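Scroll down for the structure; my scribbles are underneath it.
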Amino acid sequence: MQKKDIGLAVLVLLVGAVVAIINPRFLSPINLSNTANLIGLFGLFSIAEAFVIVTAGIELSVGSVIALIGVLFVDMIVVQDIPWPIAAVLVLLIGSVFGVIHGLLITKLKLQPFVVTLCGLLIYRGIARVYTEDGTAGFSFGDSFPTLEWLTSGRTGGVPHSFIAFVIVAIIAWFVLHRTVFGRHLFAVGKNEEAAKFTGINSTRVIILAYVICAVLTSLSAIYFAMYTRSIHPGSHGNFYELYAIAAAVLGGFSLRGGEGSIIGVVLGVILLQELENLVNLLGIPSSFKFAVMGSVILLGVIADTQVSRYRDARRNARALASVSGDDGEAISKG
Amino acid sequence: MTLQEHDRIALELRQITKVYPGVVALDSVSLSIKGGEVVGLIGENGAGKSTLMKVLGGVIAPNGGEIVIDGETLEGLSSQQALDKGIAFVHQELNPFTNLDVAANVLLGRELRRGPFKFIDQSAMNAVVAPILERLGAHFGPRDSVADLSLAEQQLLEIARALSMNARLVIFDEPTSSLTLSETHRLLDVIKDLRAEGVAVLFISHRLSEIEEIADRVVVLRDGKNAGELGVSDINKDVMIRMMVGRNVEQFFAKIDHSEGDCVLEVRDLATQTFPDARANLQLKAGEILGLAGLVGAGRSEMAHAIFGIEPVKHGEVFLHGEKLSELTVSTAIANGLCLVPENRKEHGLFLDFAIYENISLPNLGTLSKRGVVYRKAEQELASKSRSELAIKTATLANPVAELSGGNQQKVVLAKWLAMNPRVVILDEPTRGIDVGAKSEVYHLMQALAAKGVGILMISSDMEEIIGVSDRVAVMHKGNVTGTVSGDEITEENILRLAVG
Ligand SMILES: Nc1ncnc2c1ncn2[C@@H]1O[C@H](COP(=O)(O)OP(=O)(O)OP(=O)(O)O)[C@@H](O)[C@H]1O
Ligand SMILES: [Mg+2]
């Protein structure tokens with residue numbers, strides 16, 4: 001665990017304590033369970049975003065993909081009567097195609113990630129709305145998929161299965177990013193693509209894979225969201241989720257310049273954001289004002305982070321100074 | 001333009017101390033200089049030379065000590081103050097704006113303007129910059145794009161920038177590390193002119209013959225402390241080395257007669273983008289050290305990049321161990337036991353924010369992993385082995401490379417590639433910016449590799465190094481190999497004759 005992560009963990013506990021003191025209901029089993037569910041749902045696509053951000057890229061189409069894949073999935077199992085496991089595999093494949101397309105446009109045509117995925121954001125949502133003719137995709141009375149429902153929105157002993165899925169994905173993502181050769185290559189390409197090339201890293205492949213991983217994980221979270229909301233209005237479903245993901249990654253120590261960050265950080269970032277949501281709700285702050293509160297807290301968090309690392313450097317400096325012989329010490333304290 | 005006596009600078013650094021997290025870079029260092037004087041500043045890698053100069057140039061603030069300029073005592077300088085005092089700085093690590101042209105870089109922040117709207121006066125700027133470039137013998141003009149300049153050319157650009165300021169004190173932090181003999185001579189002549197004009201010059205270099213030639217006084221740093229001074233009559237290499245290192249470094253260039261083997265690398269009729277009509281031919285044998293000489297811009301690095309698959313090839317083919325490479329890409333080159341130690345460590349060689357050990361292991365992860373999972377213990381072991389072999393000076397291998405001195409960064413670049421146990425190595429300026437002790441380590445390392453049958457192609461701008469280390473020297477001019485010399489024919493005259501075409 002990096003020092004940054006420890007600081008964030010302390011913040012998570014602190015905010016948690018504050019929320020609990022203000023409103024003890026925060027710690028009630030039902031609220032904890034609901035919060036865990038939301039952490040699971042939002043966490044899945046935040047981890048997805050992290051894989052792209054670490055390569056110095058950005059993925060803005062997360063929310064639209066969640067809407068489009070959700071619509072397609074529900075349509076497949078409800079209207080087309082495709083068995084849900086096949087439908088799940090199909091939508092994950094479709095998601096991976098989106099990822100490949102984004103990756104190819106960025107690496108082969110040298111388009112900027114921001115532009116490519118911004119267009120994705122517009123296109124996918126547009127398609128989702130046309131597909132449903134601006135209606136709502138959902139389950140009608142009597143539609144029942146017991147296994148799928150148990151896997152996605154079920155709970156065991158109060159622990160939501162979405163949360164369990166998130167924990168599993170987080171562990172795998174941590175391993176891939178921090179323990180494998182591929183993970184090192186992701187960091188290297190994000191930090192200095194030119195030097196990565198001199199090292200023999202195929203940066204095209206690495207970047208495309210990052211977008212594919214992101215799109216597939218996003219599609220997985222789309223399935224979870226579809227099963228959670230059970231009705232999808234493609235005009236609003238998943239709106240702003242990409243910004244939520246970016247916020248979680250940045251809070252978690254990812255740099256938008258690439259090559260920096262940790263999975264533990266994003267996980268903590270997601271938890272912190274959910275705590276804030278909770279805080280806002282429990283305090284009865286009107287939802288119209290919610291975004292402003294959350295934006296301010298994120299800003300404060302990022303500022304605090306840079307200040308803390310400056311303070312840490314200053315302390316290390318002081319320690320090194322103290323090791324210089326005594327008379328120098330006087331000269332310095334004067335200066 | 002000669003400075004009047006009262007305009008000349010009189011400067012003293014007193015008891016300067018600077019600490020970085022965990023490192024004491026400078027411990028009460030003092031230094032003085034006045035107009036019309038050339039002071040050489042020497043010391044091993046990490047001795048604190050650049051740090052001291054950064055204090056003087058207003059780049060960093062010292063933790064203690066004072067600076068006395070023209071009788072005025074200051075506790076530190078801002079970079080603006082340094083400029084106002086007439087201090088110009090040629091940095092060791094180059095930072096040109098590659099999106100601007102040469103003239104805009106040289107006059108950055110001091111653009112010439114004209115007319116009521118203060119538009120930038122491009123032709124006036126060109127008129128100012130062109131003669132400075134001429135004076136340095138640069139082969140590029142004010143309107144050329146900086147993105148296309150080689151490292152050496154960028155260095156000339158940086159020097160031109162300092163000269164354009166008409167400064168009273170010019171700091172040169174390893175200005176010659178990637179210049180060849182003729183540009184270096186040009187620069188030393190320019191410095192002599194500056195001295196005659198009454199300008200003070202601080203000159204840092206690991207090429208001690210340059211210091212011998214030009215310095216009126218030498219200041220030696222060791223481990224962040226003053227380690228003595230030499231007056232003009234005492235300046236000679238052996239004394240300087242002893243003061244820097246604290247011991248004798250004997251037998252600098254040790255040439256060993258290698259039994260020559262088969263041809264491991266052959267280049268046939270190669271042409272790169274800059275010189276599409278060239279037809280370069282080259283043969284490297286196992287166990288041989290082949291020096292590659294030429295003037296700045298002769299296309300040596302570009303050829304190396306083409307062989308390694310970084311840059312596209314216009315024409316020609318490359319054979320490794322007698323077999324033609326089907327495609328020129330970095331991964332095929334590496335798979336065939338070829339590696340390239342690049343010249344530009346900041347952009348091509350290193351990931352500055354990554355830990356030292358991560359940098360060293362990156363190209364070696366294939367052997368340091370099992371089924372794609374990094375074996376972290378082996379990674380650490382490799383790094384600490386490299387650290388002791390190359391004497392990399394650092395508190396811990398987990399520190400980011402950015403915190404190392406220039407020379408120690410270069411050692412990390414070398415370590416990263418030599419750990420691959422390559423069969424053919426292209427070294428592009430392998431000793432750029434590293435100190436005498438480390439240089440002899442690198443030469444020994446090269447000899448040891450050659451003795452094991454590795455073929456070594458060494459691009460170097462350091463004539464002494466080319467002559468001292470190579471078994472054979474190939475010389476390039478405008479993308480062509482104009483000739484090869486070996487044995488007793490390896491002389492400065494022969495190499496220069498081939499280098500000018
Ligand atoms: N930004 C930094 N952060 C931490 N430590 C630093 C930083 N810059 C330099 N140092 C440390 O300060 C010491 C002196 O470095 P400096 O760059 O002055 O050496 P130098 O004499 O110029 O060496 P070289 O000949 O290799 O260029 C080194 O131990 C180096 O690791
Ligand atoms: Mg230096």
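In what follows, chains are A, B, ... by sequence order, proteins preceding strands, each numbered from 1. If you're wondering where the values come from, they're calculated on a predicted model, not measured in any experiment. When reading the values below, keep in mind they use all heavy atoms of this one structure, side chains included, and skip hydrogens, waters and symmetry mates.
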Side chains of residues 99-110 of chain A: which donor-acceptor partners sit under 3.5 Å, not counting sequence neighbours?
from, atom 1, to, atom 2, distance (Å)
A:His102, ND1, A:Glu59, OE1, 2.9
A:His102, NE2, A:Tyr124, OH, 2.8
A:Thr107, OG1, A:Gly103, O, 2.8
A:Lys110, NZ, A:Thr107, O, 3.0

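- Taking A:Glu194, A:Glu260, A:Lys191 one by one and counting their heavy-atom pairs under 4.5 Å with chain B, the maximum is reached by A:Lys191.
- Of all heavy-atom pairs between A:Ala195 and B:Gly349, the closest is CB-N, 4.5 Å.
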* Asked: So B:Arg376 and A:Arg179, side chain to side chain contact (heavy atoms under 4.5 Å, CB included) or not? Walk me through it.
  -> CA-CA 8 Å; B:Arg376 287 165 19 110; A:Arg179 286 290 178 270; 3.1 Å; yes

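- We find the NZ-OG distance between A:Lys197 and B:Ser331 to be 12.5 Å, quoted to the nearest 0.5 Å.
- With a 4.5 Å cut-off on non-hydrogen atoms, B:Thr329 does not touch chain A at all.
- Heavy atoms closer than 4.5 Å to chain B are found in the side chain of A:Phe175, but not in its backbone.
- Ring pair B:Phe308/A:Phe198 is tilted by interplanar angle, where 30° to 60° counts as tilted.
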* Starting from the C-alpha separation in whole Å, work towards a yes-or-no answer on side chain to side chain contact (heavy atoms under 4.5 Å, CB included) for B:Phe354 and A:Asn192. => CA-CA 10 Å; B:Phe354 289 3; A:Asn192 184 345; over 6 Å; no

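- Near-neighbour residues of residues 362-370 of chain B relative to chain A, defined by a heavy atom under 4.5 Å from a heavy atom of that chain, comprise B:Leu362, B:Pro363, B:Leu365, B:Ser369.
- The candidate from A:Thr180, A:Ile201, A:Asn202, A:Thr199 with the greatest count of non-hydrogen atom pairs under 4.5 Å with chain B is A:Thr199.
- The environment of B:Gln81 atom CD is dense: over 12 non-hydrogen atoms of other residues, nucleotides or ligands sit within 6.0 angstrom.
- The pair A:Arg184-B:Glu379 counts as a salt bridge, with a side-chain nitrogen and a carboxylate oxygen less than 4.0 angstrom apart.
- The number of heavy-atom neighbours closer than 6.0 Å to NZ of B:Lys225, taken from other residues, nucleotides and ligands shown, is 12 or below.
- Of the atoms belonging to B:Lys416, it is side-chain heavy atoms, and not backbone ones, that fall under 4.5 Å from chain A.
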